[in-house]
S.K.: 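Submitted below is the structure of interest, expressed as structure tokens.
Order of appearance sets the numbers: ligands from 1, and atoms from 1 within every ligand.
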Amino acid sequence: MSLDAVFSALRFAAERHQAQRRKGGREIPYINHPIDVATLLVTVAGVTDPDLLAAALLHDTVEDTDTTLDELSLLFGEHVASIVAEVTDNCDLPSDERKRIQEVEAPFKSHPARLIRIADKTSNVSDIAIHPPPAWSVERRRSYFEWAARVVGAMRGTNAPLEAAFDAALAKARASIA
Ligand code: ZN
């Protein structure tokens, strides 16, 4: 796969997430989040693999839109689809159980999946600290930040600069509710 596939993944994700906005109540287009995740991978983690960047851009399409893994496999190849599958929660489970499973399974994920997860948590923790979802209490934000810290903590040794970026985002997030 090459760079043009990265841009088709971006276009595909933008279309699928088109009607969605980030939770912060600022009407920020959802696609900004996968773009942030892919940007962190390029600029902080030093990723250049187009499959990994395409998977980063597509990482929430199966969980949050009607996209299927078969569709991703057909359009972007089995490798990209398998990375997205690894970072897709089982939506049939209640949210607490999904969170628990994410934490327990984190250390056993492939290297590409761990990179996407850490960048994902970095983006989410920053966004929630800067633009807290209006319905989220301080306690709910605190519990999200501490859960994200445990998930990333379970994947230490994946990519030092990316983990440092997460730590910086977490420190700001903790300070925002202190
Ligand atoms: Zn995400």
Side-chain angles (χ1 to χ4, degrees), residues 6 9-45 47 49 51-69 71-72 76 80-93 95-103 105-106 109-133 136 140-141 143-155 158-159 162-163 165-170 172-173:
V6 176
L10 174 55
R11 189 185 178 88
F12 179 89
E15 284 170 5
R16 291 301 160 98
H17 289 298
Q18 161 173 307
Q20 298 169 325
R21 296 292 175 267
R22 292 292 277 164
K23 283 180 191 147
R26 293 283 197 105
E27 293 298 304
I28 294 172
Y30 194 89
I31 191 63
N32 284 26
H33 163 66
I35 292 174
D36 284 347
V37 170
T39 303
L40 280 166
L41 293 182
V42 172
T43 60
V44 178
V47 169
D49 174 16
D51 274 9
L52 179 38
L53 297 176
L57 290 166
L58 297 164
H59 82 272
D60 279 330
T61 55
V62 175
E63 201 169 294
D64 294 340
T65 77
D66 57 9
T67 305
T68 65
L69 288 169
E71 205 176 4
L72 294 185
F76 302 102
V80 170
S82 75
I83 301 171
V84 175
E86 274 197 273
V87 295
T88 299
D89 286 351
N90 179 351
C91 292
D92 296 334
L93 298 173
S95 149
D96 282 356
E97 181 63 4
R98 287 165 57 180
K99 280 200 161 72
R100 192 191 66 80
I101 290 173
Q102 224 187 91
E103 197 179 329
E105 292 183 347
K109 296 287 179 184
S110 69
H111 193 255
R114 276 182 277 137
L115 287 169
I116 292 175
R117 270 277 197 254
I118 300 169
D120 185 37
K121 293 288 176 278
T122 307
S123 166
N124 284 339
V125 159
S126 296
D127 282 0
I128 291 167
I130 298 167
H131 302 305
W136 284 34
R140 182 160 177 197
R141 279 179 266 161
S143 119
Y144 184 89
F145 298 152
E146 297 315 317
W147 167 71
R150 292 196 301 277
V151 174
V152 173
M155 297 184 286
T158 299
N159 182 286
L162 188 58
E163 288 157 39
F166 173 79
D167 292 341
L170 179 67
K172 277 191 193 159

S.K.: What are the protein N, O or S atoms, given as residue plus atom name, that sit under 2.8 Å from the Zn ion (ligand 1)?
M.R.: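 Hits for the Zn ion (ligand 1) below 2.8 Å: His33 NE2, His59 NE2, Asp60 OD2, Asp120 OD1.
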S.K.: With a 4.0 Å cut-off, would you call Arg11 and Glu15 a salt bridge?
M.R.: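 Looking at Glu15 together with Arg11, the answer is yes, because their closest N to O distance falls below 4.0 Å.
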S.K.: Are the side chain of Thr122 and the backbone of Ile118 linked by a donor-acceptor contact shorter than 3.5 Å?
M.R.: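 It does hold such a pair.
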S.K.: Does Tyr30 have any ring-ring contact (aromatic ring centres under 6.0 Å, His included) partners at least two apart in sequence or in another chain, and if so, which?
M.R.: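 So Tyr30 forms a ring-ring contact (aromatic ring centres under 6.0 Å, His included) with His17, His33.
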S.K.: Okay, side chain of Glu163, backbone of Asn159: is any donor-acceptor separation there less than 3.5 Å?
M.R.: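 A pair under 3.5 Å: yes.
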S.K.: Who pairs with Asn90 by side chain to side chain contact (heavy atoms under 4.5 Å, CB included), at least two apart in sequence or on another chain?
M.R.: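 With neighbours one apart ignored, the set is Asp92, Leu93.
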S.K.: Scan residues 116-133 for pairs that pass salt bridge (charged side-chain N to carboxylate O under 4.0 Å, His left out), counting only residues two or more places apart or in two chains.
M.R.: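 The answer is Arg22-Asp127, Asp89-Arg117.
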